Amino acid sequence: MIRHVSLRMLLLPSALLLAALENQAPAADAPKPNMVIIFCDDLGYGDLACYGHPTIRTPNLDRMAREGQKWTQFYVAASVCTPSRAGLMTGRLPIRTGMCSSHRRVLFPDSAGGLPGEEVTIAEVLKSAGYATHAIGKWHLGHLPQFLPTSQGFDSYFGIPYSNDMDRAAESPRGREAFWAPKAEYWNVPLMRGTEIVERPTDQNTITRRYTDEVVRLIQESKDRPFFIYLAHSMPHVPLFASEQSAGGSRRGLYGDVIEEIDWSVGRVLDTLVELNLDKRTLVVFTSDNGPWLIFDQHGGSAGLLRDGKGCTWEGGMREPALFWWPGTIRPAVVRELGSTLDLLPTAAKLAGAAAPADRVLDGYDLSPVLLGAGTSPRETVFFYRGTQLYAVRKGAFKAHFITQPAYGPGKPEQHDPPLLYHLDHDPGERYNVAEKYPEAIAEIRKAVERHQAELVPGEPQLDKTL
Ligand code: MG
């Protein structure tokens, strides 16, 4: 028993030690915590002030980082929208759920597929524990009624069901021209409430504000019952839109306006929780689905010191800012351990006292010991898939790339044997291949790949089905 108590704890006065131990898990009779996951679209690792951006202001996100936990090695399940979101929703790699393809990288308005109904979502897990469940914003896991949030465990849905750059209108300027001075009417995207289209084209100028109003209203209405809110902003995916109130306010230009408006939105959510005395009973998580879309020049974000961005398996494509805020319960810290959006379902299940699905393989781990200051992250490995192919694997500090490929464009996959190897603690920017120096690290990673592939059962592909 004593082996599990750190030296630091042994040195604590006994009253503090008791408090530290009591802090390990919420008391059995404590009310179930509310949960809010705020999920951005194409936000880069380097786009927030608290992650080092020199000119974008994010005081509310900085507050989350200061009062909660800021994770520096937090990953997503894929480098593009649909498979990344499927990973968060299910705690399973997209290869298992069929939500990836080597042909189409995401779902489109002509897609007939979506997240299969037999998958168990985080909303279904929390609903089974008595939560009210609401999805707001971008869904991108199938826009047909049987795939929409209201068929996947959510009581309500309000948002644009896929990317905000889809459904190009005939009058839209061609190519990228439309993005440099975007107008809402260039994209004929629907805004849905439940399964009904309530506006088309969506006035994207006000979309971040309207999502926020919806969340504030839902929090006010749900305050007597535990709730789970999934707020998936359509921004900062191009085309970029900021409201009148935010436009022109940032030194970073339009992209900065968009991020600062998201930060304003985060502030409204936190303030609402504080006003209603719910802040000490609510976990708020902030992260994004994939890295910055660098091919959109200044309309794309920044991965900071990480290499490349959205669409590839370099760090910039799949490592994201991640903030966890729950005053009084989460131990404030900068966390340098490994975490993933795949871990949110098992973590939420644990905190809610709900059962995570036991009849299938989950790729996520319960991170609550780290959040509660009671232990270390159980995650040691990160798999970097592109479509249905495993391109790279991180184990501990080392990451091996077996295949690399430019994020976009005609560049073909390039095989590496031995793999390229990077020591991410020494070299987070993946600049110096150290494969010759650490053959044992490559051997370890190869073993992890063998174990993973031996138990892998790919799901029926969903992304290539068209209407
Ligand atoms: Mg995205």
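Read the numbers this way: they start at 1 and go in the same order the structure lists the ligands and their atoms. These numbers come from a predicted model, not from an experiment.
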Query raised in the report: Could you go step by step and tell me if Trp187 and Phe179 meet the ring-ring contact (aromatic ring centres under 6.0 Å, His included) rule?
Result: CA-CA 10 Å; Trp187 292 272; Phe179 292 89; 5.2 Å; yes
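Judged by the 6.0 Å distance and 45° axis criteria, Arg209 is positioned over the aromatic ring of Trp264.
Contact check on Lys138 versus Asp41 returns a salt bridge, with a Lys/Arg side-chain nitrogen under 4.0 Å from an Asp/Glu carboxylate oxygen. Under a 4.0 Å N-O distance rule, the pair Arg252/Glu260 does not qualify as a salt bridge.
By the 30° and 60° cut-offs, the orientation of the rings of Phe383 relative to His452 is parallel.
Protein atoms that are N, O or S and lie under 2.8 Å from the Mg ion (ligand 1) are these: Asp41 OD1, Asp42 OD1, Cys81 SG, Asp289 OD2, Asn290 OD1.
Two rings, from Phe324 and Trp71, have their centers less than 6.0 Å apart.
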